[in-house]
Amino acid sequence: MRRSISNYDLIRYVVAFVFIVSGLMKLTQPHMLTTFSEIGIPFPYYMMYVLALLEVILGLLISINKWVLNATLPLIIIMITALAFTKLPVISNGIIPFLFQSRLDLTILILLFVLYRSSNKISF
């Protein structure tokens, strides 16, 4: 018998994939430290590794459907902070360039809110 995948599961897998890959990128690519330094994040070396580990661990928890409600909250904060540090400065070029540059971040942020609300209603 074939089990169909629910919309909730599909969103979980996509969000988990994005954060796991993002975290692994921070852990394996030395140029990411330069990026963190250039955008003015305090203690860039430590923050990069803390964020990377959080993204991987929380992404894995979401992918295995454990503590999704608790895992989404820190990721929402991370996404809002990332938007503020990396995309908000682009708004001086106009709303359309800002929306274009932040489209994927905003999409993931919306999906995190969907997961948060959905996992709040689902009891396992």
Side-chain angles (χ1 to χ4, degrees):
M1 182 193 293
R2 188 174 159 197
R3 182 179 174 257
S4 64
I5 188 167
S6 70
N7 291 338
Y8 174 79
D9 289 336
L10 186 59
I11 291 171
R12 269 190 321 101
Y13 296 140
V14 168
V15 168
F17 170 78
V18 167
F19 282 104
I20 292 167
V21 170
S22 178
L24 291 174
M25 183 74 168
K26 288 176 182 75
L27 290 171
T28 61
Q29 301 300 312
H31 76 278
M32 293 299 293
L33 182 56
T34 305
T35 303
F36 269 61
S37 297
E38 289 173 353
I39 60 176
I41 293 179
F43 309 106
Y45 180 82
Y46 297 109
M47 289 302 290
M48 183 182 73
Y49 284 106
V50 167
L51 285 172
L53 290 173
L54 274 173
E55 288 176 354
V56 170
I57 291 167
L58 297 174
L60 287 171
L61 287 173
I62 289 172
S63 73
I64 61 171
N65 206 22
K66 297 290 182 193
W67 301 298
V68 174
L69 184 67
N70 295 327
T72 55
L73 287 175
L75 293 174
I76 288 169
I77 293 167
I78 289 169
M79 289 307 300
I80 291 170
T81 305
L83 277 162
F85 272 94
T86 63
K87 303 304 189 296
L88 206 53
V90 178
I91 206 161
S92 62
N93 298 333
I95 191 72
I96 299 299
F98 166 75
L99 291 173
F100 178 76
Q101 291 292 323
S102 60
R103 67 194 183 282
L104 298 176
D105 296 310
L106 292 171
T107 301
I108 293 299
L109 185 59
I110 290 166
L111 292 177
L112 282 167
F113 279 116
V114 169
L115 279 181
Y116 179 79
R117 290 198 59 199
S118 297
S119 62
N120 209 1
K121 296 175 185 174
I122 298 172
S123 58
F124 293 98

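Aromatic rings from Tyr13 and Phe17 are positioned such that their centres are separated by 6.0 Å or more.
Cluster annotation: Leu88 is connected to Leu99 through the hydrophobic network of ILVMFWY side chains, with a link wherever side-chain heavy atoms come within less than 4.5 Å. Linking ILVMFWY side-chain heavy atoms closer than 4.5 Å, directly or via other members, places Ile20 and Leu10 in two distinct hydrophobic clusters. Hydrophobic clustering of Ile, Leu, Val, Met, Phe, Trp and Tyr side chains at less than 4.5 Å, counting indirect connections, keeps Ile80 apart from Val90. The hydrophobic clustering, which links ILVMFWY residues whose side-chain heavy atoms are closer than 4.5 Å, places Ile77 and Tyr49 apart. Val15 and Ile5 are members of different hydrophobic clusters when ILVMFWY side chains are connected at heavy-atom separations under 4.5 Å.
Atoms CG and CE, from Leu53 and Met48 in turn, are 10.0 Å apart once rounded to the nearest 0.5 Å. A distance of 10.0 Å separates OG1 in Thr35 from NZ in Lys26, rounded to the nearest 0.5 Å. One distance of note links OG1 of Thr34 with CD of Glu38; it measures 6.0 Å at 0.5 Å rounding. Here OH of Tyr116 is found 7.5 Å from CD1 of Ile76. Values are rounded to the nearest 0.5 Å. Rounding to the nearest 0.5 angstrom, the gap separating the CG atom in Leu104 from the CG atom in Leu109 is 12.5 Å. Rounding to the nearest 0.5 Å places CG of Leu83 at 11.0 Å from CD1 of Ile108.
Of the candidates Ile62, Leu69, Val114, Asn70, Ser119 forms a side-chain contact (heavy atoms from CB on, under 4.5 Å) with just one, namely Leu69. The only option from Ile41, Thr81, Ile39 that meets the side-chain contact (heavy atoms from CB on, under 4.5 Å) definition with Thr86 turns out to be Ile39.
Here the shortest heavy-atom pairing between Phe85 and Gly40 reads CE2-O, 3.9 Å. Minimum heavy-atom separation, Arg12 to Leu115: CG-CD2, 3.5 Å. Pairing each heavy atom of Pro74 with each of Ala71, the nearest pair is CD-O, 3.4 Å. When every heavy atom of Gln101 is checked against every heavy atom of Lys87, the shortest pair comes out as O-CE, 2.9 Å. Closest approach of Pro89 and Ala84 over heavy atoms only: CD-O, 3.7 Å.
A donor-acceptor pair under 3.5 Å links the side-chain atoms of Ser63 to the main chain of Leu60, judged by distance alone. A donor-acceptor pair under 3.5 Å links the side-chain atoms of Arg103 to the main chain of Phe100, judged by distance alone. The closest donor-acceptor contact from the side chain of Ser102 to the backbone of Asp105 lies at 3.5 Å or more, if one exists at all.
Residues Phe19 and Val56 have side chains not in contact (no heavy-atom distance under 4.5 Å, counting atoms from C-beta outward). Side-chain contact between Trp67 and Leu58: absent, with no pair of heavy atoms (C-beta onward) separated by less than 4.5 Å.
The 12-atom threshold is not exceeded at CE of Met47, counting heavy atoms of other residues, nucleotides or ligands nearer than 6.0 Å.
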